[in-house]
Amino acid sequence: MSETPMPIWEVFVRARAGLAHRHAGSVHAADAEMALQAARDTYTRRGEGLSLWVVPSAAITASDPADRDSLFEPTADKIYRHPTFYEVPDDVGHM
Amino acid sequence: MYTQALNQKDVAPATASAEDPERLARFEARVAAEDKIEPNDWMPEAYRRTLTRQISQHAHSEIVGMLPEGNWITRAPSLRRKAALLAKVQDEGGHGLYLYAAAETLGTSREALVEQLLSGRAKYSSIFNYPTLTWADIGAIGWLVDGAAIMNQIPLCRTSYGPYARAMVRVCKEESFHQRQGYEIMLTLARGTAEQKAMAQDALDRWWWPALMMFGPPDGESAHTDQSMRWKIKRFTNDALRQQFVDATVPQGHFLQLTFPDPELRFDEASGHWQYGAIDWEEFRQVLAGNGPCNRERLEARRKAHAEGAWVREAALAHAAKRRARRAAERQAAE
């Protein structure tokens, strides 16, 4: 028996006001409204969140792990992007 | 709540030798360095296969595990017990869904995983093929079965595959209420009338050995332990976890003033461990092979639920398609 696959949605939960939404997992649902309902039942049974996002999984474009070095490595040698790179005499006080 | 080292033989031949040796070496170095593996990362086929099997069996166990306890929801002795049991069974459903979601990140669809369960090809924990004959069984399941599951699952929070480890963190957080509510039921019965105490004892007598079997076959017979340990899918061997469980549980049973159905059970001063008698592995094999007291009933219940829900899934998809089409038509009309 082959069924029509139920679309898959990624679920993001905001734990408290002031925090960003954070990925929690995924659910299957026919549309966004039902995905929200399923996400509520699956990921917030104990007050884990105040707000939910559901996003069709297929809508997410991810970077390729194989590109990890070329994408993220170059930032390692740009130490001038950090405040500790710059010398300020102690006498100036906290800056 | 219940993963079980079922240690089935791989159907496909071991293909480690066919993998790119350089990638394999890099993968193994990452795992050895406690780096987590994420869905899009390269991984050996055997790692993917082993994890898909283990996580989906774990998910199936959660889903089938709802059945023996669901059996008592309408007959719980008080509103307090009923609310707790309902929440627990709902949690098991939730745990199944976290785990299916984690298994799907390895590339097998939910529909395919469910089909594997319903066709009887996939295994689930042997423990759910035993019946819940009295209310005391609900106490024994929470105390022993969830207790054994927790022993098994805590180390899985550090398993090498990221989505599985994250799902297990959520599961473990929710699980400790399950064990405590079970123990509370046992304690209430053990302190009750002679008849209630006898019920608690009877439940312990029936669930003790099957709970010990939940950790899977002894290390000597365990086909996949070595590789699973090297890949950090597994963190402790079956026997090590079983011993931990016995050591933690025996004093709890004595506090209840109940007797374990094992005449050989004794505390070994030298090792500091409780020693237990021989486990009937033939019973374990029979239950896994489909010949336990409730195997057929459990699968029938799952198949029935799946078949009777088919029209709901179809209707939901049809409704969504209709609304999409209507919105598209409105947009077109507006342009």
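Computed from a prediction, not measured in an experiment: that's the story for all the values here.
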Could you pull out every donor-acceptor pair under 3.5 Å between side chains of residues 21-36 of chain A and any protein atom, sequence neighbours left out?
{"from": "His21(A)", "atom 1": "NE2", "to": "Ser51(A)", "atom 2": "OG", "distance (Å)": "2.7"}
{"from": "His21(A)", "atom 1": "NE2", "to": "Trp53(A)", "atom 2": "NE1", "distance (Å)": "3.4"}
{"from": "His23(A)", "atom 1": "NE2", "to": "Glu10(A)", "atom 2": "OE1", "distance (Å)": "2.7"}
{"from": "His23(A)", "atom 1": "NE2", "to": "Gly25(A)", "atom 2": "O", "distance (Å)": "3.2"}
{"from": "His28(A)", "atom 1": "ND1", "to": "Met6(A)", "atom 2": "O", "distance (Å)": "3.0"}
{"from": "His28(A)", "atom 1": "NE2", "to": "Glu104(B)", "atom 2": "OE1", "distance (Å)": "3.1"}
{"from": "His28(A)", "atom 1": "NE2", "to": "Glu104(B)", "atom 2": "OE2", "distance (Å)": "2.5"}
{"from": "Asp31(A)", "atom 1": "OD1", "to": "Glu33(A)", "atom 2": "N", "distance (Å)": "3.2"}
{"from": "Asp31(A)", "atom 1": "OD1", "to": "Met34(A)", "atom 2": "N", "distance (Å)": "2.9"}
{"from": "Glu33(A)", "atom 1": "OE1", "to": "Arg323(B)", "atom 2": "NH2", "distance (Å)": "3.2"}

Relative to chain A, which segment of Arg170(B) carries a heavy atom at a distance below 4.5 Å: side chain, backbone, both, or neither? side chain
Proximal component of Glu174(B), with respect to chain A [non-hydrogen, under 4.5 Å]: both
For residues 87-95 of chain A, which side-chain donor-acceptor pairs fall under 3.5 Å, sequence neighbours excluded?
none

Return yes when atom CZ of Arg303(B) has more than 12 non-hydrogen atoms of other residues, nucleotides or ligands closer than 6.0 Å, and no otherwise. yes
Which portion of Ala62(A) sits near chain B, non-hydrogen atoms under 4.5 angstrom: side chain
Taking the six-membered ring for Trp and the single ring otherwise, decide whether the centroids of Phe85(A) and His82(A) are under 6.0 Å apart. no
